[in-house]
Q: 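Got a structure for you, questions after.
When a ligand or atom number is given, it counts from 1 through the structure's own listing order. Remember, predicted model here, so these are calculated numbers, not experimental data.
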Amino acid sequence: ELEAWYLDDSEEDQRKPHRQNPNRAVSLEQLKTLGVFYWKLNADIYDSDPELEKIRNDQGYSYMDIITIQKETLPNYEEKLKMFFDEHLHLDDEIRYILDGKAYFDIRDKEDLWIRIAMNKGDMITLPAGIYHRFTVDESNYTKAMRLFVGEPVWKAHNRPADHFEIRQKYVASL
Ligand code: KMT
Ligand code: NI
């Protein structure tokens, strides 16, 4: 089961959990109302998993690649982490499947508050086009993730403010 919570407002290391005290948990139901969808898969068999195949077919996730986010293997690691943690949106859904390690996705709720989603091995989510979000590794500084996309991938991130995009207005109207 996926775990999510409202972030505290400390400026400390982004890789820390940043839970409030007491913790304010966010349910999968709440995430669904924001357009976030979740699957739990067996990451040990990702390259021959019929469940993953079915999701990819049903959702049209034709493209996939694998990114390993760690200092040793990702060129310009610190710079990229900083980029990923800048609040942004995309014009398409962001679909990520954690194959190993851990990571956090932060998303904005309807009141513009930050929700942190803890992603562990086997967790797959889609963030809807137009939602403001950001990404970080946790204190283990390591995650291996599959990136999926409908058709040819567009990685372009539009940093906030990006409210003029039609997809943003469509997303806000859907809430
Ligand atoms: C994004 O756009 O937020 C990302 O691509 C995050 C890093 S991929 C696990
Ligand atoms: Ni993104």
Q: Within the supplied structure, the quantity of interest is the number of heavy atoms (other residues, nucleotides, ligands) at a distance under 6.0 Å from Glu166 CD; does it exceed 12?
A: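 No.
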Q: Considering only N, O or S atoms, which atom of Glu94 is nearest to the Ni ion (ligand 2)?
A: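 Going through the N, O and S atoms of Glu94 one by one, OE1 ends up nearest to the Ni ion (ligand 2).
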Q: Could you tell me, atom by atom, which parts of ligand 1 come under 4.0 Å of a heavy atom of His133?
A: 3 (O)
Q: Where is the nearest protein heavy atom to atom 5 (O) of ligand 1: which residue, which atom, and how far?
A: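 Going atom by atom, the protein heavy atom closest to atom 5 (O) of ligand 1 ends up being Arg96 NH2, 2.9 Å.
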Q: Of all the atoms in ligand 1, which lie at a distance below 4.0 Å from a heavy atom belonging to His90?
A: 1 (C), 2 (O)
Q: Identify the protein heavy atom lying closest to atom 3 (O) of ligand 1, giving its residue, its atom name and the separation to 0.1 Å.
A: Glu94 OE2, 2.9 Å
Q: Within the structure, does His88 bring an N/O atom to less than 3.5 angstrom of an N/O atom in ligand 1?
A: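 Between His88 and ligand 1 (N or O atoms, distance only) the closest approach is under 3.5 Å.
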Q: Measuring only between side-chain heavy atoms, which start at C-beta, is Ile125 closer than 4.5 Å to Tyr97?
A: no
Q: Which heavy-atom pair separates Asp123 from Ala118 by the least distance, and what is that distance?
A: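 Between these two residues, the closest heavy atoms are OD2-O, 3.9 Å.
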Q: With rounding to 10 degrees, what does the angle His90:NE2 / the Ni ion (ligand 2) / His133:NE2 come to?
A: 110°
Q: What distance do Ile115 atom CD1 and His133 atom NE2 have between them, rounded to the nearest 0.5 Å?
A: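 Taking CD1 in Ile115 and NE2 in His133, the distance rounds to 14.0 Å.
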Q: Apply ring-ring contact (aromatic ring centres under 6.0 Å, His included) to the pair His158 and Phe165, showing each step before the final yes or no.
A: CA-CA 10 Å; His158 301 278; Phe165 287 106; 4.3 Å; yes
Q: Between Arg134 and ligand 1, find which residue part has any heavy-atom pair under 4.0 Å and reply side chain, backbone, both or neither.
A: neither
Q: State plainly whether the residues Lys32 and Glu29 are in salt-bridge range, i.e. N to O under 4.0 Å.
A: yes
